[in-house]
Amino acid sequence: MTIRTDPAGLTSRVIAWYDEHQRDLPWRDPAASPWAVMVSEFMLQQTPVARVLPVWAQWLDRWPTPAALAAEPAGEAVRAWGRLGYPRRALRLHAAATEIERVHDGEVPSTYDELLTLPGVGDYTAAAISAFAFGRRQVVLDTNVRRVLGRVRGGEEFPAASVTRAERERAAAVLPDDEPTAATWSVAVMELGAVVCTASSPRCADCPVTDLCAWRAAGYPAYDGPPRRGQTYDGTDRQCRGRILALARDAHEPVHRSRIEAVWPSAEQRDRCLASLVHDGLLVRVGTGAYALP
DNA sequence: TAAGCGTGGAA
DNA sequence: TTTCCAAGCTT
């Protein structure tokens, strides 16, 4: 097949590479439901594949449909989320399931615009679900795709902090016209970024498009943009919130203030984090001085 | 727009 | 040991 937008063979070669080298991930099984794909996309937001795999399997076993999840308290979703991180995603996935049940007759919607209205679904996730679960033609622009295209076409090691207009236009320009081919390209170029064109120590020797790569042609110039914001963790509210929520997740009864005080020394920070967890809906106050999952 | 939001494995 | 970072979303 000739792809009009791809005279140099970028897309066809990446797709051919994908056909041979793709990882065998369960949410890529053609039998995986749109809901199963959606759950994987939520869990994979900022969390590595290896840690998602077991939790995803248990989740789908317990809640094979949006209706099944929506029928349970949101706190059960937070508990099942375990230590994947960013537990508000669990809350949003539960809220999205509830919305799918209420508005979409229990079926995960297939269009970008409908998906985008769901809680926890932004530009990337809406495009990804539409493309991967329904085979639609979408510009799927995640951190992997941005890095690959930024290198191959832009000649730069890393993309900007946020998606630029130029990046989006570049991604649209290489998206195959044919719908199923476009969907395959989207997953293929993401996979290339995930396993070959990685952020650090890219495996250029294994890349199917090294000869097309502008970054390589330029001699692999180092990133020279503004410093990328590092993530400190020790002593942050994130860590404090994580400690507190872990107590509630592992307990099946309300957790008393005394136990919370035992896991974080600073009273001021502890109280602030407790209040923010309640504000976010990750905890509810039960009686006097006790907290539980919603 | 930039900051906030978890967690743990690998380099 | 420290640093980096892994399929983002929300406000």
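When reading the values below, keep in mind they use all heavy atoms of this one structure, side chains included, and skip hydrogens, waters and symmetry mates. Labels below follow one simple rule: chain letters A, B, ... track the order of the sequence lines, proteins then strands, and each chain is numbered from 1.
dT11(C) and dT7(B): their C1' atoms are spaced 23 Å apart (whole Å). Here the separation of dG6(B) from dT3(C), taken at their P atoms, is 22 Å to the nearest Å. Rounded to whole Å, the separation between the P atoms of dG4(B) and dA7(C) comes to 23 Å. Remark: the separation of the C1' atoms in dT1(C) and dG8(B) is 16 Å, to the nearest Å.
Straight-line distance from the CG atom of L84(A) to the C1' atom of dT7(B): 9 Å, rounded to whole Å. Atom CG of L91(A) and atom C1' of dG6(B) are 14 Å apart (whole Å). Between the CG atom of L53(A) and the C1' atom of dG9(B) there is a distance of 14 Å, given to the nearest Å. Distance R203(A) CZ to dA11(B) C1': 15 Å, rounded to the nearest Å. Rounded to an integer number of Å, the gap from Q239(A) CD to dG4(B) P is 16 Å.
Proximity of a side-chain donor or acceptor of Q269(A) to a complementary backbone N or O of G235(A) within less than 3.5 Å is detected. One N or O on the side chain of D29(A) and one on the backbone of A31(A) form a donor-acceptor pair closer than 3.5 Å.
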Please tabulate, one pair per line, all N/O donor-acceptor pairs under 3.5 Å involving side-chain atoms of residues 67-76 of chain A, not counting sequence neighbours.
unit_1: E72(A); atom_1: OE1; unit_2: R62(A); atom_2: NH2; d: 3.3
unit_1: E72(A); atom_1: OE2; unit_2: W63(A); atom_2: NE1; d: 2.9
unit_1: E76(A); atom_1: OE1; unit_2: R62(A); atom_2: NH2; d: 2.8
unit_1: E76(A); atom_1: OE2; unit_2: R79(A); atom_2: NH1; d: 2.8

Let me have the donor-acceptor pairs involving side chains of residues 244-260 of chain A, under 3.5 Å, with sequence neighbours excluded, atom names and distances please.
unit_1: R249(A); atom_1: NH1; unit_2: G82(A); atom_2: O; d: 3.2
unit_1: R257(A); atom_1: NH1; unit_2: Y291(A); atom_2: OH; d: 3.2
unit_1: R257(A); atom_1: NH2; unit_2: D271(A); atom_2: OD1; d: 2.9

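Between G85(A) and S201(A), it is G85(A) whose nearest contact on DNA chain B lies nearer the 5' terminus.
For R83(A) and dG8(B), the shortest distance from a side-chain N or O to OP1 or OP2 is below 4.0 Å.
Ion pairing between a basic and an acidic side chain is recognised when a charged N comes within 4.0 Å of a carboxylate O; E99(A) and R102(A) show such pairing. Taking a cutoff of 4.0 Å between a charged side-chain nitrogen and a carboxylate oxygen, D142(A) and R147(A) do not qualify as a salt bridge.
As judged by a 4.0 angstrom heavy-atom cut-off over every strand, R146(A) is placed among residues making no nucleic acid contact. L245(A) comes within contact range of no nucleotide atom at all, as no heavy-atom separation falls under 4.0 Å. Note on Y233(A): a base of the nucleic acid sits closer than 4.0 angstrom, heavy atoms only.
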*In the 5'-to-3' direction, what one-character label does each nucleotide of nucleotides 4-11 of chain C receive under the scheme B = base within less than 4.0 Å of a protein heavy atom, S = sugar-phosphate only, - = no such atom?*
-BBBBSS-
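A donor atom on one side chain and an acceptor atom on the other are not found under 3.5 Å apart for W215(A) and E156(A).
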